[in-house]
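Some notes on the structure that comes next.
Below, chains carry the letters A, B, ... as their sequence lines are ordered, and counting in each starts from 1. Please read these numbers as outputs of a predicted model, since none were measured by experiment. Just the heavy atoms: all of them, side chains too, but no hydrogens, waters or symmetry mates, feed the values below.
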Amino acid sequence: MLIKLTGGKVYDPANGVDGVVRDIYIQNGRIVTPEPGAKVSSEYALNGKVVMAGGIDPHSHIGGGKVTIARMLMPEDHLGNEVERTALTRSGCGHAIPSTLTAGYRYAEMGYTAAFEPAMLPANARQAHMEMGDTPMIDKGAFVMLGSDDFFLRQLSGKADFSAMKDYIAWTMHAAQAIAVKVVNPGGISAFKFNQRQLNLDEKHVHYGVTPRDIIVNLARGLTELGVVHPLHIHGCNLGVPGGVETTLETIRGANGLPMHLTHIQFHSYDTEGDMKFSSGAARIADAVNANKNVSIDIGQVMFGQTCTASGDSMRQFVNTRSADPKKWVVMDIECDAGCGVVPFKYRDKSFVNALQWAIGLELFLMVNDPWRIFLTTDHPNGGPFTCYPHLIRLLMDKTFRQDVMKTINQDALKYSALATLDREYSLYEIAIMTRAGPAKSLGLKDRGHLAAGASADITVYDDNPDREAMFATPELVFKNGDLIVRNGKIIKVVNGATHVARPSYDKGIEKSLKQYFDDFHTVRMENFRLSDDEIINHGQGEVIVQPTGARTA
Amino acid sequence: MDSNTPGGNAPNHFDNVACPFCGILCDDLEIGPTADGLKVLKNGCVKSVAGFERAFKEPKPQINGKDVSLSEAVAEAARLVKAAQLPLFGGLGTDVDGVRAVMSIADQAGGVVDHALSEGQYRNFRVLQTGGWVMTTLTEARNRADLFIVLGSDIQKIHPRFFERIVCNERSMFSDTPPKRTVVFLGEGLDQSEVKGSRIGEIVTLPAKGERLREILVAMRALAKGVPVQGDTIGELPRADVEDLVKRCSAASYGVMVWAPPSLAFPDADLTVQAAAEYIKDINLTSRFAGLSLGGNEGAVSAGAVCAWQSGYPLRVSFASGKPDYDTERYATANLLANKETDLVIWLASYTPDLAPPTTDVPMILLSTPALKPAKTPAVYIPIGTPGIEHDGLIVRCDNVVSLPLRKLRQSQLPRAADVLAQIQAAL
Ligand code: SF4
Ligand SMILES: [Zn+2]
């Protein structure tokens with residue numbers, strides 16, 4: 001069956017296509033170049049419509065223990081936000097932390113066809129995949145957390161052979177079924193368990209004697225040498241700390257050219273000027289990102305309203321519990337492996353701090369030049385729910401709208417930010433880079449995020465509405481693997497989506513030491529720690545896609 | 001590893017078997033075959049032996065006590081579910097896929113979901129929903145804790161290998177010569193017999209009554225803050241003992257307070273858990289300390305977790321309106337039955353015969369392990385396999401973090417609960 005999308009304005013940055021009117025053909029779930037004279041069995045006339053690949057969210061907490069803790073913690077997030085079942089879709093609920101099924105539906109209805117869980121603890125990987133398995137419509141994948149786990153820290157402190165460290169990184173990616181590796185407050189989650197309350201970039205962990213800098217550099221180098229496409233995904237030290245901008249700049253300098261991705265960088269861009277000792281460090285960060293081509297970022301934009309933060313950073317979240325709203329929260333130490341902190345939060349537009357956080361995120365968006373190295377995120381749900389993306393896109397594309405919103409927020413905050421001076425408006429092409437082509441390239445999804453022949457037919461069609469919020473909130477058509485799943489922002493077909501993983505090679509010999517280690521210390525055997533493909537495939541409900549990995553060097 | 005894996009063991013001999021018979025999910029069992037069943041060869045306990053070694057039976061499904069085929073039983077079950085005003089999907093002793101299937105059919109049929117052991121779990125959930133807490137997990141406690149306080153729970157009875165695996169372990173990640181641990185039993189009549197070995201330093205017994213625990217915890221929090229507390233006794237314990245315990249908590253490098261919610265069977269036990277949680281939060285302002293909740297037998301944690309991620313709420317949810325409707329009182333199993341709100345019970349108990357259905361006149365569809373013998377003949381009876389014996393499955397551990405794969409250990413005709421429920425749903 002050949003499907004033809006006729007006459008749409010195509011934005012396909014991966015192939016350099018910027019708003020060119022052209023036809024797209026779909027066959028067997030893929031975009032194809034049809035044989036001459038091939039019979040078209042269905043055709044969609046898209047004259048004047050905007051066509052892009054399906055959206056890809058490279059950082060969204062959609063699955064895993066801390067998200068479900070947040071769901072349990074916050075019945076008030078769900079009350080009044082229930083979603084009724086239909087003949088096609090299941091019931092669900094939630095605003096900031098929607099139930100899994102509802103999250104999948106909402107992503108698809110917003111034109112997204114993939115989302116990646118960025119903080120999967122190895123010890124909790126099975127549950128993360130179970131939750132992602134219950135998130136329909138979209139493709140999924142997860143970044144496994146390393147850097148506060150005892151095995152890696154003892155390797156590093158014991159000056160283990162670097163090749164064994166790489167074996168362990170690769171083994172963990174296989175065992176947890178991950179596509180990338182994230183480090184969260186490097187070493188800090190572990191240090192907190194030893195009652196350290198902060199861990200600066202060059203401060204030693206009291207037990208292992210290693211520093212966050214050591215951890216970052218070794219993980220980043222390890223991933224590069226393993227050929228993993230997505231660079232180390234870094235949630236740095238000192239999240240949310242005024243003055244954290246210095247740590248972030250030093251982290252970039254310390255990379256020495258190694259590829260790295262700095263996530264929700266907005267939370268790491270705070271300076272200390274002014275009466276409140278809190279100001280924007282966005283300009284300095286943007287300069288550093290512009291100058292260092294090895295660095296990519298996502299923003300973690302703050303959006304006003306109620307949310308519930310869920311982070312692996314137990315050390316920083318414990319501090320944030322002072323601002324919990326409502327006043328309840330969970331902090332956990334987990335399996336000598338990781339931790340988590342779940343803290344509800346209300347971002348208020350009249351609050352100096354929150355308004356400045358909002359402005360800093362937008363400044364970063366507007367001051368970083370290369371859209372291939374900056375991705376659109378709210379760090380869902382930490383800065384706000386992913387359903388805010390259409391609003392955020394409008395803030396970036398429409399200067400008048402942005403300035404109108406700026407009038408409604410805390411005005412003192414704007415004095416400590418350069419936002420008012422920024423005239424930039426994002427183009428549709430740049431938005432397509434930031435929400436599709438860029439994330440796909442960064443994550444190594446070879447057949448996603450673009451529209452050339454051979455790509456998976458994950459395609460979103462929008463009305464070219466000058467109100468960009470309305471445009472991106474309600475796509476006219478969404479195709480997933482060639483199936484029309486959404487029409488006018490409503491689901492018309494339910495599909496499951498696949499799980500993307502990457503599998504760098506490792507020496508099986510590492511399992512000998514791991515086996516002994518698990519037997520000696522853990523409460524789970526190594527054999528049971530590993531997730532099998534069958535668990536994800538689960539009687540045909542899921543699918544595992546292994547994305548390519550470069551050759552391992554050394 | 002099973003027999004087919006190179007380097008594995010003799011036929012039908014299994015290593016690294018996860019045990020679903022209590023919430024701590026030991027996964028180091030070794031299980032081998034006997035002439036007519038299975039034998040726990042290594043790392044068993046009284047519960048796991050009872051579970052794995054029970055006689056193997058494959059009875060037929062029944063309608064009103066008469067043998068029928070599976071498809072007849074499924075058709076009758078579907079007829080009953082369809083006719084019901086408010087079916088209760090209860091018991092919920094099943095694996096993750098079983099709960100997923102329950103959620104799906106309850107959503108379509110407009111039913112209520114609740115687990116048989118929710119009453120215990122709600123002693124925790126209420127605290128989570130009102131104040132939250134600082135918690136830890138089994139491996140963390142096993143390696144890190146230098147002080148354990150057992151809070152009013154007879155852990156040995158509910159989790160026979162907890163002390164062996166988490167408290168008496170000789171090795172620790174953080175030292176080749178780990179320090180000895182102090183174990184405080186704060187509660188009456190708690191079995192201490194398995195707290196022994198080279199790691200155990202002091203054992204302190206403070207025989208407080210369950211109903212007085214809250215008062216003691218509240219006083220401990222006040223004492224730690226320097227707020228004066230009156231009286232020579234606190235909750236019937238000598239004041240000096242309570243003060244001594246406060247000192248131990250502040251001095252611990254990593255203290256862990258452990259409770260098993262089903263043990264806290266006294267009125268308003270959630271307030272006791274809350275008092276513990278608030279005290280632990282305070283300790284963390286200066287040193288490290290965490291709670292560790294056990295319990296979660298009969299698949300209770302899986303039920304709570306799957307229900308929370310799919311509906312937003314941890315059980316006691318009704319789908320009668322077409323949307324999740326949450327009411328922790330109204331939709332509690334006992335209240336639904338007492339208030340005659342439900343007109344059909346679908347009871348799921350695939351692990352042990354202990355999860356007997358409630359005595360009620362409400363018609364019942366029973367999906368259970370053949371080991372369970374109901375007091376009353378159900379309208380429909382469908383024997384199902386036990387996850388981890390008759391079929392594969394996944395299950396969530398008591399700490400709500402770790403999940404484990406359960407493995408099929410023997411051939412059986414007994415279906416998975418998930419498949420039976422899907423068939424019933426397909427026939428609606
Ligand atoms: S303690 Fe619990 S999980 Fe461990 S073997 Fe006994 S019943 Fe099974
Ligand atoms: Zn994040």
Side-chain angles (χ1 to χ4, degrees), chain A residues 63 65 67-69 71-75 77-79 82-85 90-94 97-101 121 123-124 126-127 130-131 134 150 154 192-195 207 318 321 324 327-337 342 519-525 527-528 532 535 538-539, chain B residues 1 15-16 18 24 26-28 96-97 100 103-104 107-108 125 128-140 142-144 165-166 171-174 253-254 281 284 287-288 290 304-306 308-314 319 321-326 394 396 400-405:
Chain A
V67 188
T68 287
I69 291 170
R71 292 179 179 116
M72 291 186 181
L73 183 79
M74 289 285 285
D77 178 74
H78 319 323
L79 291 167
E82 297 87 353
V83 182
E84 202 160 344
R85 72 173 274 112
R90 295 267 303 275
S91 71
C93 68
I97 23 168
S99 51
T100 52
L101 293 132
L121 327 182
N124 186 243
R126 184 163 280 121
Q127 182 174 340
M130 291 191 284
E131 294 187 30
D134 285 352
D150 174 70
R154 64 169 64 204
F192 181 57
K193 299 171 185 177
F194 289 89
N195 205 28
H207 179 73
F318 183 75
T321 60
K327 288 231 157 302
K328 53 181 176 179
W329 48 269
V330 172
V331 167
M332 283 188 80
D333 300 320
I334 294 175
E335 294 293 272
C336 302
D337 180 49
V342 178
D519 284 0
D520 285 348
F521 302 125
H522 272 267
T523 52
V524 172
R525 288 278 165 107
E527 293 79 355
N528 292 322
S532 68
E535 292 183 39
N538 195 20
H539 307 267
Chain B
M1 298 281 137
D15 275 343
N16 309 314
I24 67 171
C26 306
D27 74 337
D28 56 352
V96 166
D97 264 2
R100 284 170 162 156
M103 295 299 291
S104 176
D107 193 16
Q108 184 176 339
F125 290 148
L128 185 57
Q129 291 174 346
T130 51
W133 50 24
V134 179
M135 297 294 268
T136 193
T137 65
L138 295 181
T139 295
E140 198 74 60
R142 170 185 160 98
N143 288 283
R144 195 176 295 280
R165 299 188 71 220
I166 310 300
R171 306 203 55 185
S172 153
M173 278 180 194
F174 307 114
S253 61
Y254 195 83
K281 281 182 181 176
N284 277 290
S287 56
R288 292 308 322 277
V306 178
W309 79 58
Q310 286 203 1
S311 79
Y313 307 109
F319 295 95
S321 68
K323 309 188 256 197
D325 177 29
Y326 182 53
L394 298 171
V396 187
N400 245 309
V401 170
V402 170
S403 340
L404 282 154

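Within the 3.5 Å criterion, the main-chain N or O of B:Gly132 finds no donor-acceptor partner in the side chain of A:Lys328.
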Worksheet item: Between B:Asn400 and A:Ile69, is a side chain to side chain contact (heavy atoms under 4.5 Å, CB included) present by the stated rule, with each step listed?
Response: CA-CA 9 Å; B:Asn400 245 309; A:Ile69 291 170; 5.7 Å; no
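Contact annotation for B:Val134: both backbone and side-chain heavy atoms come within less than 4.5 Å of a heavy atom of chain A. Looking at A:Val83, the atoms closer than 4.5 Å to chain B (heavy atoms on both sides) all sit in the backbone: N, CA, C or O. Of the atoms belonging to B:Leu394, it is side-chain heavy atoms, and not backbone ones, that fall under 4.5 Å from chain A. B:Phe319 touches chain A through its side chain: at least one heavy atom from C-beta onward sits under 4.5 Å away, while N, CA, C and O do not. For A:Asp77, no part sits under 4.5 Å from any heavy atom of chain B, backbone or side chain. Looking at A:His207, the atoms closer than 4.5 Å to chain B (heavy atoms on both sides) all sit in the side chain, from C-beta outward. Interface residue B:Thr130: only backbone heavy atoms are found under 4.5 Å from chain A. The part of B:Ser311 that comes within reach of chain A is its backbone (N, CA, C, O), which places non-hydrogen atoms under 4.5 angstrom from that chain. Residue contact with chain A, scored on non-hydrogen atoms closer than 4.5 Å, involves the backbone and the side chain of B:Arg288 alike. Contact of A:Leu79 with chain B is made through backbone and side chain together, with heavy-atom distances under 4.5 Å. At a 4.5 Å heavy-atom cutoff, the contact between A:Phe194 and chain B is made by backbone and side-chain atoms alike. Residue B:Val402 touches chain A through both its backbone and its side chain, counting heavy-atom pairs closer than 4.5 Å. Proximity to chain A is limited to the side chain of B:Asn143, based on heavy atoms less than 4.5 angstrom apart. Using a 4.5 Å cut-off between heavy atoms, B:Ile24 does not touch chain A at all. No part of B:Asp325 comes within reach of chain A, as not one of its non-hydrogen atoms sits under 4.5 angstrom from that chain.
Between chain B and the options A:Glu84, A:Lys193, A:Lys327, heavy-atom pairs under 4.5 Å are most frequent for A:Lys193. Comparing B:Pro314, B:Ser172, B:Ala18, B:Ser253 by heavy-atom pairs within less than 4.5 Å of chain A, the highest count is held by B:Ser172. Across A:Arg85, A:Glu82, A:Arg71, the residue that shares the most heavy-atom pairs under 4.5 angstrom with chain B is A:Arg85. Of all the listed residues (B:Arg144, B:Gln108, B:Lys281), the one sharing the greatest number of non-hydrogen pairs under 4.5 Å with chain A is B:Arg144. Between chain B and the options A:Asn124, A:Leu73, A:Asn195, A:Thr321, the largest number of non-hydrogen pairs under 4.5 Å is found for A:Asn195. Ranking B:Thr137, B:Val401, B:Asp107 against chain A, the residue ahead of the rest is B:Asp107, based on heavy-atom pairs under 4.5 Å. Your options are A:Asn538, A:Leu121, A:Asp337, A:Val67, and the one with the most heavy-atom pairs under 4.5 Å with chain B is A:Asn538.
Of the candidates A:Thr68, A:Ile97, A:Leu101, A:Thr68 is the only one forming a side chain to side chain contact (heavy atoms under 4.5 Å, CB included) with B:Trp309.
The line from CD of B:Glu140 to CE of A:Met332 is 9.5 Å long, rounded to the nearest 0.5 Å. Rounding to the nearest 0.5 Å gives a distance of 11.0 Å between CD1 of A:Ile334 and OG1 of B:Thr139.
Side-chain contact between A:Arg90 and B:Ser104: present, with at least one pair of heavy atoms (C-beta onward) separated by less than 4.5 Å.
By the 6.0 Å and 45° rule, B:Arg142 does not stack over the aromatic ring of A:Phe521.
Checked against the 6.0 Å centroid criterion, the rings of A:His78 and B:Tyr326 do not qualify as a close aromatic pair.
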